[in-house]
Structures are given as C-alpha cells and as structure tokens.
Amino acid sequence: MEILMSIVIGIVFAVSVYLLLSKNLIRVILGTLTISHGVHLLLITMSELQRGAPPLLDLGEESFTDPLPQALVLTAIVISFGVTSMLLVMGYRTYKAHETEDLDKLRGSADE
Amino acid sequence: MTFLHWATISPFLLAILVPFLYKYFRKIHTGWFVLILPIVLFIYFIRYLPITSNGGTVSKSAPWVPSLGIHFDLYVDGLSLLFALLITGIGMLVVLYSIYYLSDKGEKLNNFYVYLLLFMGAMLGVVLSDNLIVLYVFWEMTSISSALLISYWFHREKSIYGAQKSMFITVFGGLSMLGGFSLIYVMTGTFSIREIIANVDLVTGSVYFIPAMILVLLGAFTKSAQFPFHIWLPDAMEAPTPVSAYLHSATMVKAGIYLVARVTPIFGGGPEWFWIITLAGLTTLIWGSVQAVRQKDLKAILAFSTVSQLGMIMSLLGAGSAAYYFNDGDNLLYTTAILAAVFHLINHATFKGGLFMAAGIVDHQTGTRDIRNLGGLMTFMPITGTISLIGLAAMAGIPPLNGFLSKELFFTGMLNASDYGIFNLDTWGLLLPAIAWIASVFTFLYCTILFFKTFRGKFQPEKLKVDKVREASFGMLLGPIVLITLVVLFGLFPNILAYNVIEPAMQAILPGILDAGELFAVHIAHWHGFGTELWMTLGVFAAGTLLYLTMNIWSQSGFYRSERDIFNYLYDNGYDGLIKGSQLITRAQITGRLRDYFIYMCVFIVLLIFYTMFRYDGFALQTSNLSPIEPHMWLVIIAFVLAIVAIPFINNRMTAVILAGVAGYLVALMFAIFRAPDLALTQLMIETISVILFMLVFVHLPKLKKDDTKPSIKITNLIVSIGVGLMITLVSISAFAFGSEIGFPSIKEYFIENSKELAGGYNIVNVILVDFRGLDTMLEILVLAIAALGVISLIKLRLKEGEDV
Amino acid sequence: MKKSKPNNMMLQTAMRFITIIVFAFSFYLFFAGHNAPGGGFIGGLMTASAILVLYLVFHRKEMLKAIPINFTTVIGIGLLFAVGTGIVSMLFDFPFLTHFFDEFHIPFFGDVELTTALSFDLGVYLVVVGAAMSIILVISGDKK
C-alpha cells in the first residue's frame, strides 16, 4: 500500500507542477489546490499506513496509528485552505485589475 | 551593571533625551546640554589615572549573553584609559566648538548631537570592552555613527558619496574582524582579551594564526585608513568640521591603532606581524604625505596628513612588536618604538584636533577652504593664524613642540628597528628609516604650504564668499586654543605625561614582558647630542624648505594639478561594476514570468535530489512489512488518479472545480480508510467550503481557454513535472524503506501513553493539537487569521487608477 | 449566491431544520473533540458550512439581518481566547499554554471532565468560523 501510495503521490505532484507551470492563472490556482493534497497524503503515508486502530484511546485497542502526522496534516489542511483562498482572491483581483488571466501578459517591468 | 558600565553607556542614554531637549528648549543651543556629559565623564575617567599610573587595572563584569561566553566586561588599563581620556577630553572641546560652528537656526541639531553621542558611547565601548564580541558591536556602531555624521548635510551629493564609501570600507573591515575574532574563539574558546593573552600559546601554535591575524588587521587597517583603504578618509571630510576634528582625526580613526596595540600581545613577536604592520604603516605614511602636498582644500590636506600620521603610528607599533621576539623590556632599543607610538598618538590628537578646528574657523569666516583663494589671513585672523602656525610647526617636527619630540623618537625607533638583525632586517632594514625620512620631508612641505598659502601671501578678498573677514568669536577659538596650549605644554615638559600616561599604556601594549614591579624606561628629551636623528631632522628641514622654495617650478606639473587619489578610481569602478553586475544577474533571472521561477526551483531541486540519490546510493525499496491493499482501495485510488489527471485537460472551469472537489472528497475517503477520522472530517468540511469558494470566484473569472501554449514549452513543462513526480515517488519510497531499516522508534508511544494521564483526553490527535503542540496550533490559527485579513484587504482595498498591488 | 431565489419555499423550510441539525452536530463535534473525533477545527468548519448553507438558500441581506455578526471580530475574539488561555497559566507560574483538567460533578450532566484546553479549542473554533466566513462573505459581497 505504501508503495502504491508513493506512486499516486508522484502522479499528484506531476499533475500539480504541470498545472503550476501553465500560463493560465486559473490553472495555477488549481495546481496549488492539488499539490496540497499531494503533500497531505505524503505526510500520512510516511507514518506507516493502517498500523493499529484510529488514535482514540477509548476504543480500548492495544496499538494505534501514529497520531502525530495526523495532527500535523490537520493543521496543514486548514492552512492550505487559507493559502489557497488567499491565492484565489489574488488571482481574482489581478484579473479584475488587468483584465487578463494570461501570466505572460502580466509580467511587470523588472524594476529594481 | 556597575557605575563604570553606566558611564560607558551614558552617551546613549543622553542621546535618547536629545530630541526632547531640542524640541522643548529651542531657545538654548542643544550643544550646551550635551557638553555636560563629556565634562563629567572626563572628570570621572581622570579619577582612574592614579590607579593605572601605579600599575593597577580595574575590571567590571556584567552578563550579556552568558550562554555564548559574551559578557559586557569592561577593563580599564593604561591604554584604554588613555583613549577614554582622549575621547571625552577632545569630545568636550569639540562639542564646545560645535556650539559656535553650527547655528541653532536651520541646522538639525537634534540629529547632529544624537549621532555625536552615539559615536562617543560606541567609542568608549570599543576601548573599554574586554570582550571581543562586545568590542565588535561597538566597533560597528562607530562605523554607523560616522557614516551618519558624514552624511549630516544629506542633501549634498558628495556627503552621501563619502558616507557610503566610509561605510562600505569600514563595515567590510569590521566583518573581516568579526571573522578573525571567531577564529580566535575557535583557537582559545574564549572571547575575553585578557584570557586570550593568558593562553596565547593556543593562538601562536594554531594553523589559524595567520588567517586570524590578517582578518583582524583588515578591520584595523580599514578603520585607521591604512593604505590602500585610506581613500574613505578624505571623502569623509564632507562632514561638519567638528566631526572631522573629532572622529576623523583624534578618535575614531585611532580605533584601528587601538586594536593593533591591544592584540599585539596575541599576534606580535613574529616576522609576519612585524612586516605587515610596519610596511603598511610606512606605505601609508609616505603615500599620505605625498598626496597631501597635491591637495588644495584645507581639510583635504589635513585628511591626507591624518592618513599619513596614522601610518606613522601604525609602523611604530609594528616595529615595537619585535620586543616580544626579544622578550626584553629593559632595553630601550626595542621599546622606543612603542613609546614613540603612544606619545605621538597623544600629540597627534592635540595638534591635529586644533588644526582641524582652525581650518573650520577659516572656512566659517571666509566661506572657502581652497588655498588658491586664500592668503594673507594673518592680518585679519591673528589668533587663528597663531594656532595654525603652532599646530603645523608641531606636525612638521620643529622644536621645541611635542611633534618634534615624537618625530625624533620615531626616527630613533626606525633606526633601532633596522639594527634588530632579525626578520631579514639586515637586508631590508635601511628601508625603514629611509622611507620615514622621505615622508617627513613631504610632511614638512605640506605643513609649510598650508601655512604660507593661507595666512601669508596676498589677500584676495574678491575670491572669498564674505564681505569682511574678521576673527572668530572667543567660544569658537577656545577649543583650539586649549589644544594648542597642550601642544606647547607637552613639548616643553614631556615628562608630565611620561610615567602618568605613557608608561601605563606601554604596560598595557606589552604585558608580561617586564617582571612584576618593573617599569619601562620613558625618557623623552630635546637634546640627544649629535646623533643620526639630529642630522635626519636637519635634513628634513633643509630638503623641505628647498622643495617649498622651488614650488613655482614643480607646481606646473601634472602631479600637482590633479588631486584625486588614483585608488579612488579603483573604488568607483569596482562599485559601479558591482552594481552593474548584480543588475545583470538580477535581470537574467527575474523575468517576471511565474513559470520561469517555478522551473528554476523545480529543476534545481530535482537535479539536487537525483544527484544525491545516485552519488550516495540513496535509493532503497522495501517490499516487506507493507500494509495490504484491500480491493476497495484500488477503486478509490483509481478514481482519485483519474480525477487528478483529468484536471489539466478540462477546458471548462466549473468542471475543473468539480473534479478538484471530487479529488478532495476522495482524499477524505482515503483518510478514513487510513484510520484518521479527524482528518477525514476536516478534509470533508474544507473541501465543501473550498468548492463553494471556487465557484464563487470562478463565476467572475473568464472561461478557461484552450491551452494555446507552444508545443515546445508544453514538452518542457511535461518533462519538468514528470521529473518532480518521479523524484517525489522515489524519495517517498526510499524514505519509507530507510525509516523502517534504521528502526528509529516512533515518538507516537509518548502521546499514546500520556494523552490520558497528562492532558485528560482520549482523542490523541486533538490532544496533540490543543495541548502537546498547543503553541503550534496557536500560531497556525494566527496564520489563518492573517490569510483571512489578507483576503479582506485585497477585496476591500480599492486601489486607485495607476496604483499597483 | 445572487441567483438564489428568495421564493423557494420548499428549500427554505427544509433548510431551517437541516441547519439546526447541522449546528447541533457541529457543537457536538466541538465539545466531543477532546475524546472523540472532532474539536475546534472540525467544529468550526462544520458551523461555517452550516451558515454557508443558509446563505445559499436565503438572501444575503436577510442573512446579514438574521446573523448580525461581524466575522472579522470573531477572528480577533478567537485569537484572544487562545492566547488568553496560555497567559492565564503563566499567571500561576506555569509555562505558557500549560493546560489543566479535572472531573467535576455537574447536575444533569453527571461526571464531566473540564479542561482548560477546551477554552483554547474554543479560540481555534472561533478563528476558523471567523476566517472561513469572512473570506467567503467578503468575496460574495464584492461589487462587480
């Protein structure tokens, strides 16, 4: 399962990076959304999957899956929501201001 | 924090008050308030004089960063006391002078005095600190305050140029010095100068000896304007004259001298130290004196003369370091150089301070500093003229002034050094007195030019910017008069300094050479009989006079006509080159195209990881101990992969959002299967809200166009993204395999065991979030809050036409 | 949201009940969080989605009247709760964010375990609700 998941995660990353490299603003935002899925799955996979019960002590089980990555991913999910919405709104405002979603046309003059 | 500590930082405390004093007491010149402090401090430090002149020292400690061995340790011995007295004493006169020099109308006095006090405190810190890191901090503060003072008239372009130059050069040196100090710490394990001197064997035996020495010397040489770093000092003359008199002649530029003197017991005694410092000093001496002859601006002449005199003191410290080689303090042969260095340090501060103030008076009263426009001022400004005459005579080495005495000692020191018979001196030794003599001729020459062109000769009122030239007010003259009186006093009675000030300073520069209770012999006399020194001095007078009389001939040459030091071209071109080079590099990579940045990052990390993997055999595959794949899992995974892979091909924005949503819900399902109920719930909720959000926004965004990117770019993108995907897969598989191979125990047991006992909760994930890692969660919700505020301001903040985000 | 029709009676009536259930469930998730799946994050997101559903069905203006809450303020209150919980423990000479818990007997509820972590989690809950709601509302309220 872990190896299968690794391959799946690789696919997610490849697709996300492809989206990020696109010149269309909407695709870039979608890319950030999918890449966060990849990261979350990666973190969970690294902690060995399905070893023991869900980390709830009152289930009375002996062994539990690792709760720490779960806690990490939980916060990561919420954070990536914040980041994605921020990016989304930035894209939205950019479009409103410049009337284009083509990133090649959005290049500002490099003004050091 | 003892009283000594408070005394050291008192200038900073007063600096905080200055803006308020300036604002609420506009009627009174702010300088009068500031003047109190150096007077009090001077009297305070005078009280240490009996202690150090009896061979005693005072050290006071206060912790600062004790865990790193950094303590705010202050140490008063002969050397640091001498500097503290110079800083406060000259400071006192300079503040007094500045009250008359800077008008309280139209000048930003609050800025000026804040910077000046900053400098005073920093300089006291430099000379009193025993800890190298504390010394470094104060050292950089002197650089900063100096740059601020140079750019005091910041609307002048030259001021900014000078400030920037001095900042670049001295901060470069300061950073090198920090590197040197770090190396010293590596060798000895302490930052305390006294402890380092006590364990000096650890330094001399180390491979870092030479690098550390060079780095520390870079700091000292840049600060003390030694060749070829001297170019910042003439440009620093854009500062108001009180500043030039204070920082750029009497105190700050001597910080490098102080540092060299301070670390002589650590590095001194070998040929490297001897030759580097002596040669740097002598080169600076002759270069500065020759350049000074070419200058036409009063302050520029004095600036190059300062450079040259600093070189002279530096070379004396180099020659005197040989005393460590012989380890013989009784013999005047070896210690005369150090004696001359300390003595000339004092003398130079007195006559150069007075001369700068006199030049400032000329500037103030006539409106020009160009010697081609000046002349005949003796009639109108007899007091200023007399001050300058005495100061210049002292600098030129005319008896019986103090400059004569130290110049004689300088010759003696150089002659002695050529007789050491070590470090190849039997071959090259004669070079030292030869250079010293030539430089002294030029010193005599520019002193003569300065005096006769300014105060004698023809008065040219039409070239001056004022209608009537008159003598300056008494308050302005008081400072230079005091200093020039000292010049005469030390000249006539040098031995009032001998055992009170000079000998304790020598003890501090050369500790451990004498047995306890012994004293260095300090014998300063006007008449030594018909020795070589006398003939050298007479020769200087003769040659100098001859050159001055023939000035009409050689002043037509190109040498005299241009005045810019050629090393400035090096600096300017280097500076321009740096700016242009960085612009070039920046333009090449900052294309303004998001795709390029992503490509840089991805390609770099992919190449790095693949290289590491192949180079260090970083790939591993583990097929055992995997969790089984249930049939329904295949279903979920296939659906998920299909949803994800389809997204780039979709040309309808709503379909794309729905697909992304489907993928998100499938992730939630996977979390559920992987026994993470909290995650599954969170993902479910987030996905719902995200989809609503995307829908909301995408309604307003344009329709997804068909991807019209060029096929070649598409292929590059494809390769890069497949590379990233492959890298992630390989890393993930290997990490998993290595993780179970090494067999680090997971820290999950801690949470499982203590969740109930310590935090009283059964849901371990939640307990980690709110209790064990509560701080992380707190910062995380802070990030969420910031993101929300960012969104709100992006939407609500309506930028006007033309404004950019 | 602009297209939601205010005269959709069936949906509105159904939604009134459904949202009450969703609200109740979200509060349950929040309070149960310490011992069962749930907690501030999940509870907050559930509450936010319940409110969002109401927004989808009813008019924006009606909703602003019905729930006159400035969600930006909610974020601030939440942060204050979270930080305040941490600071309270400092007042008793414990490190920042030390939590305490004990069992109490409360009439009707029986033995209840109360923990200071709950007030911290309340902070999380409020921030999540506030952030999610204010992001969505500000976007939907943006003039075209």
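Worth saying up front: this structure is predicted, and the values here are computed from it rather than measured. Proteins get letters first, then strands, A, B, ... in listed order; numbering begins at 1 in each. Values reported hereafter were calculated over all heavy atoms of this structure, with side chains retained and with hydrogens, waters and symmetry mates removed.
For B:Leu594, the part sitting under 4.5 Å from any heavy atom of chain A is the side chain, from C-beta outward, and nothing else. With a 4.5 angstrom heavy-atom cutoff, A:Leu33 touches chain B only via side-chain atoms. Using a 4.5 Å cut-off between heavy atoms, B:Pro628 contacts chain A through its backbone alone, with no side-chain atom that close. The parts of B:Ile644 that come within reach of chain A are both its backbone and its side chain, each placing non-hydrogen atoms under 4.5 angstrom from that chain. Proximity to chain A (any heavy atom under 4.5 Å) is restricted, for B:Glu687, to the side chain, taken from C-beta onward. Both the backbone and the side chain of A:Leu74 come within contact range of chain B, judged by heavy atoms closer than 4.5 Å. Heavy atoms closer than 4.5 Å to chain B are found in the side chain of A:Leu4, but not in its backbone. Only the side chain of A:Thr84 comes within less than 4.5 Å of a heavy atom in chain B; its backbone stays farther off. Within the 4.5 angstrom heavy-atom criterion, only side-chain atoms of B:Met633, from C-beta onward, approach chain A. For A:Ser16, no part lies near chain B; criterion is any non-hydrogen pair under 4.5 Å. For B:Phe671, the part sitting under 4.5 Å from any heavy atom of chain A is the side chain, from C-beta outward, and nothing else. Interface remark: A:Asn24 contributes side-chain atoms only to the contact with chain B (heavy atom separation under 4.5 Å). Interface residue B:Leu621: only side-chain heavy atoms are found under 4.5 Å from chain A.
Checked against the 6.0 Å centroid criterion, the rings of B:Phe751 and A:Phe64 do not qualify as a close aromatic pair.
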Intermediate values then yes/no, side-chain contact (heavy atoms from CB on, under 4.5 Å), B:Phe674 and B:Leu679: CA-CA 10 Å; B:Phe674 296 150; B:Leu679 287 190; over 6 Å; no
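Between B:Asn763 and B:Asp678, the side chains place a donor N or O and an acceptor N or O closer than 3.5 Å (distance only, hydrogens not considered).
Paired with B:Val641 under the rule side-chain contact (heavy atoms from CB on, under 4.5 Å), one option of A:Val15, A:Ile7, A:Ile11 passes, and it is A:Ile11.
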